[in-house]
Amino acid sequence: MAGHSKWANIKHRKAAQDAKRGKIFTKLIREITTSARIGDADPANNPRLRAAVAAALSNNMTRDTVNRAIARGAGGGDGEQLETIIYEGYGPAGTAVMVECLTDNRNRTVAEVRHAFSKSGGNLGTDGSVSYLFSKKGVLTYVGADEDALMDAALEAGAEDVLSEGDDTIEVYTTPNDFGIVLDALEAAGFKAENAEVTMIPSTEAELDAESAPKLMRLVDMLEDLDDVQEVYHNGSISDEVAATL
């Protein structure tokens with residue numbers, strides 16, 4: 001899971017930059033709207049919507065914007081009807097890559113995703129080719145919290161695991177269904193998450209060097225720049241030394 005943490009730090013810095021351009025807000029609103037449309041409009045009864053709301057708030061989206069997106073999704077109407085599609089493939093240095101999309105046109109999306117893989121020295125795989133390497137987990141990140149108190153509160157709330165990264169950062173792992181319950185319990189106990197998301201955690205990692213890491217980052221950037229792509233997950237492990245050169 002340490003590899004996830006190193007990548008998460010890079011990803012969150014990039015997400016902060018994207019937020020300034022407004023791009024990540026567009027993706028978050030689409031996820032909130034779709035989650036509310038296909039499930040319960042109450043986040044307490046809809047784990048996917050609860051995760052989408054938490055991710056939006058972590059990226060400093062206002063509660064009013066979140067509520068409007070939920071209302072638009074719950075209202076149905078003539079809004080765009082999007083479906084979730086997961087593509088799997090291989091990136092540089094044999095990395096496993098999963099691409100989560102929301103689309104109204106499968107043909108357009110798969111063509112764009114395939115193009116990104118081929119341009120970056122990777123290739124699109126078949127369903128199931130790499131998904132077995134990942135597990136869906138809720139991840140709550142806390143900075144500067146009292147480790148013992150946070151661990152006690154998290155485990156009592158139903159968290160699966162609590163890991164200290166040794167840099168004043170503590171990560172709490174949950175099942176997707178318990179994500180909202182644990183997040184709410186920790187907030188009630190006085191712990192505010194620096195970041196909260198439901199993500200895919202790799203069971204094995206591919207160590208990347210100074211040559212392969214930039215290639216994977218280019219693939220991730222190309223994929224994230226596609227309008228239909230919501231999230232990109234991979235099992236590349238980037239050391240602090242290599243990350244500093246990116």
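Not measured: the values here are computed from a predicted model. The figures that follow rest on heavy atoms only: side chains count, while hydrogens, waters and symmetry mates do not.
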E156 side chain reached by D152 side chain, heavy atoms, under 4.5 Å: no

K215 side-chain N/O to A93 backbone N/O, donor-acceptor pair under 3.5 Å: no

Indicate yes or no for a side-chain donor-acceptor contact from T95 to the backbone of G236 under 3.5 Å, with no hydrogens or angles considered. no

E31/R48 salt bridge by N-O under 4.0 Å criterion: yes

CG (L223) and CD (E100) are apart, to the nearest 0.5 Å, by 13.0 Å

R50 versus N177: any side-chain heavy-atom pair under 4.5 Å? no

Between CD of E231 and CD1 of I86, what distance do you get to the nearest 0.5 Å? 10.0 Å

N/O donor-acceptor pair under 3.5 Å between S120 side chain and F117 backbone: no

With a 3.5 Å distance limit and no angle check, can you tell me whether N59 reaches the backbone of M61 through a side-chain donor-acceptor pair? no

Considering only heavy atoms from C-beta outward, does the side chain of L49 approach that of D40 to under 4.5 Å? no

Could you grab the distance from atom CD of Q230 to atom SG of C101, nearest 0.5 Å is fine? 8.0 Å

Could you go through the salt bridge (charged side-chain N to carboxylate O under 4.0 Å, His left out) check for D161 and K137 one step at a time? CA-CA 11 Å; D161 202 1; K137 300 287 183 184; over 6 Å; no

For S129, is there any backbone N or O sitting under 3.5 Å from a side-chain donor or acceptor partner on T126? no

Could you check if a side-chain atom of I29 sits within less than 4.5 angstrom of a side-chain atom of R72, using non-hydrogen atoms only? yes

Non-hydrogen side-chain atoms of V110 and L124 separated by less than 4.5 Å: yes

Rounded to the nearest 0.5 angstrom, the CZ-OG1 distance for R37 and T34 is 6.0 Å

Minimum side-chain heavy-atom gap E83-T103 below 4.5 Å: yes

OH of Y142 to NZ of K192: how many Å apart, nearest 0.5 Å? 9.5 Å

